[in-house]
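The structure appears right after this line, and notes come after that.
Worth saying up front: this structure is predicted, and the values here are computed from it rather than measured.
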Amino acid sequence: MVKKRVLVACGTSIATATVAAHAVADIAKAEGLEVEVAQCKAAEIHGKIQTFSPNVIVAMTPVPSDLGVPVFNGVPFLSGIGLDQLKSDLIEALKKE
Amino acid sequence: MNWTQPSLIETQLEAADSTQAITTLGALLFDQGYVRDTFIQAVLEREKVFATGLPTVDIQVAIPHADVEHVLHSAIAIGVLAQPALFGEMGNPDGTVQARIVFMLAVKESDSLVSLLQNLVGIFQDSSFLRQMLETQDREAIAALFNARLPSYQEA
């Protein structure tokens with residue numbers, strides 16, 4: 001299976017993105033999926049899409065909806081609300097060709 | 001070092017909105033020498049663009065913070081609100097959160113903010129712990145409860 005790329009975007013401090021990035025890596029590992037996870041600030045997202053070509057984006061803060069890449073709200077990684085749903089949606093997206 | 005102490009905690013905090021809650025808790029941190037005089041404004045500005053309310057299961061919380069350059073010494077100020085205050089919801093521009101407990105994070109290094117957040121996530125997902133914080137009216141007891149859940153840190 002091809003390694004998928006996940007981009008995690010957050011506000012300014014990168015901290016919430018790092019927490020989410022660890023969570024994404026753990027989920028992928030548990031599913032036996034190979035992923036490469038990168039982080040960026042929301043303001044850098046357009047440039048990062050060009051250079052990193054993510055398959056999915058996990059956003060901790062609102063990002064534009066017309067990015068051409070599926071976007072998941074990553075706040076459940078912090079709040080716990082909707083976490084199971086987010087996990088299964090992410091896994092499904094990562095298993096897609 | 002412990003993350004919080006009784007002098008950084010307010011119980012029965014009267015705050016009509018997020019701005020009042022942030023200003024009151026920021027003043028605790030500033031008056032006790034933890035943050036620069038730019039901190040409160042930086043948190044308020046950041047909150048407008050990147051809201052920090054978290055819609056947890058039972059007791060909703062908010063984690064206002066600012067960039068490391070506004071911080072002198074790491075600490076967390078905690079406000080247990082008398083009535084919920086409206087915060088924007090993190091990651092959702094249309095959402096709001098009725099925060100009952102506000103954790104204001106002053107963190108000096110971004111690395112320690114990450115490990116702190118990972119530990120805080122465990123607290124946010126533990127409704128009975130948050131309820132215990134809410135119902136405990138004693139600042140000493142809240143500080144002890146909270147610090148026991150977080151590993152202490154070394155200041156560089």
Mind ranking [options] by heavy-atom pairs under 4.5 Å with chain A and telling me who comes out on top?
| options | result |
| --- | --- |
| B:Leu54, B:Ile63, B:Leu116 | B:Leu54 |
| B:Val49, B:Val114, B:Thr52 | B:Val114 |
| B:Val107, B:Val121, B:Leu120, B:Val61 | B:Val121 |

If we ignore angles and hydrogens, is there a donor and acceptor under 3.5 Å between the side chains of B:Gln32 and B:Ser7?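 Yes - a donor-acceptor pair under 3.5 Å links their side chains.
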Are B:Asp126 and B:Ser128 close enough that a side-chain donor and a side-chain acceptor fall under 3.5 Å?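 Yes, a side-chain donor-acceptor pair sits under 3.5 Å.
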Heavy-atom side-chain proximity of B:Glu47 to B:Phe87 below 4.5 angstrom: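 Side chain of B:Glu47 against side chain of B:Phe87, heavy atoms only: contact under 4.5 Å found.
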Flag the pair B:Val102 / B:Leu81 as yes when at least one side-chain heavy-atom distance between them is below 4.5 Å, and no otherwise.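 Yes. Closest side-chain heavy atoms under 4.5 Å.
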